[in-house]
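Okay, structure first, notes after.
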Amino acid sequence: MASYDASEIESKWRKKWTDSKLYEVDLNSDKPKYYNLVMFPYPSGDKLHVGHWYNYAPADSWGRYMRMKGHNVFQPMGFDSFGLPAENYAIKSGVHPRESTLKNVEHMKKQLSDMGAMYDWDKSVTTSEPDYYRWSQWVFLQLYGKDLAYKKTAPVNWCDSCQTVLANEQAQDGTCERCDSEVTKKDLAQWFFKIRDYAEDLLNHDDLDWPEKTVLMQKNWIGKSEGCDIDFKLEDGSETLTCYTTRPDTLFSVTFIVVAPEHPLVDKFVEGTEYEDEVKKMREKIYNQTDIERTSEGGKDKLGAFLGKYAINPANGEKVPVYMANFALMYGTGVVMADAHDQRDFEFAHKYDIPLKFVISEDGKEIDPKDFDEAYVEDGMLFNSGEFSGMNNREALPKMIKWLEENKNGRATINYRLRDWLISRQRYWGAPIPVVYDPEGNPHPVPEEHLPWMLPTDVEFKPTGESPLAASKEFIERTEKIFGKGWRPEVDTMDTFVCSSWYYLRYPCTTMEDMPFDKKVDDKWLPVDMYIGGPEHACMHLLYARFINMALHDMGHIGFKEPFKKLVHQGMVTKDGAKMSKSKGNVVSPDEFIEKYGSDVFRMYLMFMGPFTDGGDWNDKGITGIARFVDRFFGVVSEKSEVKDSKALAKALNKLIKKVSADIERFQFNTCVAAMMEFVNFVMKNGIDDESRKVLVRLIAPLAPHLAEEGWSVLGEKDSIFNSQWPEYDEKLVVDDTVVLGVQVNGKVRGEVEIGVHTSQENALEIARLNPNVSKYLEEGKVVKEIYVPGKIIGFVVK
RNA sequence: GCCCAGAUGGCGGAAUUGGUAGACGCGCGGGAUUCAAAAUCCCGUUCUCGCAAGAGAGUGAGGGUUCGAUUCCCUCUCUGGGCACCA
């Protein structure tokens, strides 16, 4: 058998594709457009890993399939090239981030080209280049102009010994990744985007073809809750504490109030009092807890202190103490009413000896917290609750809110747990925030004519305690020259998520120099028809991109509200069931396998491993099965054979077209490959003609583009297979004349019979009864029920 | 602790709407070819018993609905992922 020399054949076709500009997209074509997008990679210095291949190869197969189905497929690729690794590398090696980044981009581009995917490299973006980030800055200015950007103080992770801000990733378990010393919090004035303004719009996924799981995750992340604010006046009348709660039904059980440590009232209450020392010490302790520690379950971790104040419960006039507690967050109003019907409150009260009482029980009879080890959190009937006693607590909820409103003690409110988006980074390798400060310290946007607001190059990367840009002389001189003496630039850069929240708008417009994108072009090409990327981006990138897109839409820059019509997440490739990681030393490098078997075999094995959205487990030996299949496939295509049963061949081929099309449509590449293997196994016995061969190579073209192109050319075709049409099947040839059915007696299969597809119930049952092993069991009793589901099953129930 | 997803042969996985569980591939066993090996091809391969026909068990565990459950319902165990105690 002729063996298939993958490396020679694959490089031959890649060269032809490049030379003929096969994948260059005419954005003005009249063919139906299809925007097929994968989340762009960070250009690391390492080689492409299995995860990249697992993501990009099937995405490319999908694009090729859509192309053969007659679409004008736009499949761009770019680089999300700002970020921490390049900066860390610069700190270590002294190499400027732009130098290492551009080198990595070139390297990665070459590797991606070797993959044989149909990227149109004329339309690519590199987010760290001025011709891109000037427009990220433009996005900032747009939001700033619409009052969607603001500045406020927020804490960052700080390592005192390294004199630097740390990312969460660098500050795991409360210690600095670089020097192991304790991480503290430091308050800095930082820029935010008002993503909360779009909370309600972001909750609406109605027109999106997204995984349910992702929609659910976003909804939980945005966390809309409908509740009410309740006012508690201080005993001395000096202040009103407004508590947000979704459970006003527990109001009569409230015996204390807790305030978030971050709340400004904490200082106001304790300053100059006997409580000041203890409260401030406790607050320090809480601030040094990670969010996880602060939020972990179990009574031990409850921390807090009395603030020396008492408030009046508006429902019953009782005097209740006011505490600060670690589990109270600056969510809602930052003040929480506390009672025995909440487990955290219950534990806190026990630790700090605060009295508790219940107002809900199963049947409305009085119960006492002294008899309980934990909070009573079930629903039930109210007691000791004034006019609401005797009501079901859930039914009482709206009535109590109305009652609070009538008595001016509270009001219905809606809360979202989504926080505004903090975009300031005290880093060098990012897009400078285009803001300058006048001598009085007031911020002003950098006018558009000065974009790109260039990232200065005369900086020191080693940590000095401030943002690296602060050290640039050129940056200050530039600012003073343009704006006047005493003016200073903002020295923070933007979160890289800002750059990646609008890149899909730029791809169709990469050549435009005086605008980020053209409304007409983007309105034609967007939204993205298919977006493929990891599920880890469900709540960050995918929410940010939707927000930016919506904001730009509302400003009239684009005509569509949602950026991504359909979304698919790829699964993870594991090795022996474990996540691949450098530290475990179980990382599989694609290179040796590609060298040995070629990229078609490699990508088909990744697809064969398991369903695309589930991921799969890598096995070094498993890939040989695909390599054997490719050899056999090429043999079937290139060697003459005699057809033994042409009817059977036509049937098998039409079934294959149907199966492969359906499997690709639902991203089940694994069963698609299996079906192809079955067909090839059949053809090895039965033989195949040239017309059928031409169908077969087109069917495998999306999955194994080089192999298919070679086969297509061997079969005498001159044009690229990717300019051919996807085969259609004949519905008549897909249906079988006969079918083999199992025959069950009392639910157990006792035999099988082959009958015509349209056999009547009467005949089918008669044929089944004739089966000797079936009749044996039928004789054991009386047949009380007969079942015939055409095409599925024949059954008898015997008693 | 909460939320989401999952658990099927020795392994990866298949079963599209409740209808013959284990497609396809790996591995393994046997055979052909070969001086020999590799490669390739053929046969077998869920487990137990049996020469076979067949019988029994079987989709994490236990229960339920049904003529029939990997699939639907309840309880539990374990694994993976996410988390910002959301009051």
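Convention: sequence-line order gives letters A, B, ...; per-chain numbering from 1.
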> With a 4.0 Å cut-off on heavy atoms, is V784(A) in touch with a base, just the backbone sugar-phosphate, or nothing at all?
Replying inline: nothing
> How far does the C1' atom of C35(B) sit from the matching atom of G29(B), given to the nearest Å?
Replying inline: 25 Å
> How many angstroms lie between atom CG of L653(A) and atom OH of Y729(A), to the nearest 0.5 angstrom?
Replying inline: 13.0 Å
>> Checking contacts here: which listed nucleotide (A87(B), A21(B), C86(B)) is nearest the side-chain heavy atoms of R419(A)?
In response: C86(B)
> Once you round it to whole Å, what is the distance between P of G1(B) and CZ of F346(A)?
Replying inline: 18 Å
> Among all residues two or more places apart in sequence or in another chain, which pass the side-chain contact (heavy atoms from CB on, under 4.5 Å) test with E536(A)?
Replying inline: none
Could you write out each protein N or O paired with an N or O of nucleotides 53-57 of chain B at a distance under 3.5 Å?
unit_1 : atom_1 : unit_2  : atom_2 : d
A55(B) : OP1    : R750(A) : NH1    : 3.1
A55(B) : OP1    : N773(A) : ND2    : 3.4
A55(B) : OP1    : Y777(A) : OH     : 2.8
G56(B) : OP2    : R750(A) : NH1    : 3.0
A57(B) : OP2    : K748(A) : NZ     : 3.2

> CG of N619(A) versus P of C24(B): gap in Å, rounded?
Replying inline: 19 Å
>> Can you tell me which nucleotide in U16(B), A87(B), G19(B) comes closest to the side chain of L329(A)?
In response: A87(B)
> What are the residues of residues 211-228 of chain A, sorted by number, that bring a heavy atom to within less than 4.0 Å of RNA chain B?
Replying inline: K213(A), L216(A), N220(A), W221(A), S225(A)
>> Once rounded to the nearest 0.5 Å, what's the spacing between atom CG of L356(A) and atom NE2 of H341(A)?
In response: 9.5 Å
> When rounded to the nearest 0.5 angstrom, what is the spacing between CG in L696(A) and CE in M676(A)?
Replying inline: 7.5 Å
> Between T240(A) and D231(A), do the side chains contain an N or O donor and an N or O acceptor separated by less than 3.5 Å?
Replying inline: no
> Syn versus anti for G56(B), judged by chi lying within 90° of 0?
Replying inline: anti
> How far does the P atom of A5(B) sit from the matching atom of G58(B), given to the nearest Å?
Replying inline: 28 Å
> Between atom CG in N415(A) and atom C1' in A84(B), what is the gap in whole Å?
Replying inline: 14 Å
>> Quick check: F593(A) with W53(A) (ring centres under 6.0 Å apart)?
In response: no
>> When you compare the side chain of D663(A) with that of E665(A), does any pair of heavy atoms fall below 4.5 Å?
In response: no
>> Measuring from atom CZ of F232(A) to atom CG of N313(A), what distance do you get when rounded to the nearest 0.5 angstrom?
In response: 4.5 Å
>> Heavy atoms only, 4.0 Å cut-off, all strands: where does P611(A) land among base, sugar-phosphate and nothing?
In response: sugar-phosphate
> What is the distance from atom CD1 of I286(A) to atom CD of E262(A), rounded to the nearest 0.5 Å?
Replying inline: 8.5 Å
> Do F346(A) and F372(A) have ring centroids that are under 6.0 Å from one another?
Replying inline: no
> Rounded to the nearest Å, what distance is computed from the OH atom of residue Y416(A) to the C1' atom of nucleotide A87(B)?
Replying inline: 18 Å
> If you measure from the P atom in A69(B) to the same atom in G22(B), how many Å do you get, rounded?
Replying inline: 16 Å
> Looking for any heavy atom pair under 4.0 Å, which part of the strands does R247(A) touch: base, sugar-phosphate only, or nothing?
Replying inline: sugar-phosphate
> Of the nucleotides U20(B), U40(B), C86(B), which has the atom closest to the R628(A) side chain?
Replying inline: U40(B)
> Could you state the interatomic distance from OG1 (T242(A)) to CG (N409(A)), rounded to the nearest 0.5 Å?
Replying inline: 10.5 Å
> What integer distance in Å separates I787(A):CD1 from G18(B):C1'?
Replying inline: 12 Å
> In whole Å, what is the span from the OH atom of Y788(A) to the P atom of G68(B)?
Replying inline: 21 Å
> Can you find a pair of side-chain heavy atoms, one from S775(A) and one from L770(A), that are under 4.5 Å apart?
Replying inline: no
>> Would you measure the distance from the C1' atom in A14(B) across to the matching atom in C24(B) and give it in whole Å?
In response: 8 Å
> Do the side chain of Y65(A) and the main chain of I664(A) share a donor and acceptor less than 3.5 angstrom apart?
Replying inline: no
> Does any donor-acceptor pair link the side chain of E536(A) with the base of G82(B) at a separation under 3.5 Å?
Replying inline: no
> Looking only at atom C1', what distance separates C47(B) and U8(B), rounded to whole Å?
Replying inline: 14 Å
>> Can you classify the ring geometry of Y323(A) versus F348(A) as parallel (below 30°), tilted (30 to 60°) or perpendicular (above 60°)?
In response: perpendicular
> Is there a donor-acceptor pair under 3.5 Å between the side chain of D420(A) and the backbone N or O of R196(A)?
Replying inline: yes
>> Just by distance, no angles: are the side chains of N220(A) and R417(A) close enough, under 3.5 Å, to form a donor-acceptor pair?
In response: no
> Can you tell me how far P of A14(B) sits from CE of M609(A), to the nearest Å?
Replying inline: 12 Å
> If we take the C1' atom in both A15(B) and U70(B), what is their distance in whole Å?
Replying inline: 8 Å
> If the P atom of G30(B) is compared with that of A39(B), how far apart are they to the nearest Å?
Replying inline: 16 Å
> Of all the nucleotides listed (C26(B), G25(B), G19(B)), which has the minimum atom distance to the side chain of N681(A)?
Replying inline: G25(B)
>> From CZ of F608(A) over to P of C26(B), roughly how many Å is that when rounded to an integer?
In response: 8 Å
>> Using a 4.0 Å heavy-atom cut-off, does K785(A) contact any base of the nucleic acid, only the sugar-phosphate backbone, or nothing at all?
In response: base
>> R769(A) vs E766(A), test: salt bridge (charged side-chain N to carboxylate O under 4.0 Å, His left out). Steps then yes/no.
In response: CA-CA 5 Å; R769(A) 272 191 283 263; E766(A) 192 49 41; 3.3 Å; yes
> On a whole-Å scale, what distance lies between the P atoms belonging to G60(B) and G10(B)?
Replying inline: 13 Å
>> Can you give me the dot-bracket string for RNA chain B, 5' to 3', counting Watson-Crick and G-U wobble pairs with both distances under 3.5 Å, using [ ] for crossing pairs and | for partners on another strand?
In response: (((((((..(((......[....)))((((((.......))))))((((....))))..(((((..]....))))))))))))....
>> Here's a test of your reading of the structure: between D339(A) and G622(A), which maps to the more 5' nucleotide of RNA chain B?
In response: G622(A)
> OP1, OP2 of A87(B) versus side-chain N and O of T246(A): anything below 4.0 Å?
Replying inline: yes
>> Tell me which residues in residues 666-678 of chain A lie within less than 4.0 Å of RNA chain B, going by non-hydrogen atoms.
In response: R666(A), N670(A), T671(A), A674(A), M677(A), E678(A)
> From G68(B), G12(B), A87(B), pick the nucleotide closest to the side chain of D617(A)?
Replying inline: G12(B)
>> Let me spell it out: for each of I793(A) and M572(A), pick the nucleotide of RNA chain B with the closest heavy atom. Which residue's pick is nearer the 5' end?
In response: I793(A)
> Is the backbone of L707(A) close enough, under 3.5 Å, to the side chain of D600(A) for a donor and an acceptor to pair up by distance?
Replying inline: yes
Anything under 3.5 Å between a protein N or O and an N or O of nucleotides 42-52 of chain B, put it in a table, one pair a line.
none

> If you count the non-hydrogen atoms of other residues, nucleotides and ligands that lie under 6.0 Å from CD in E595(A), is the total more than 12?
Replying inline: no
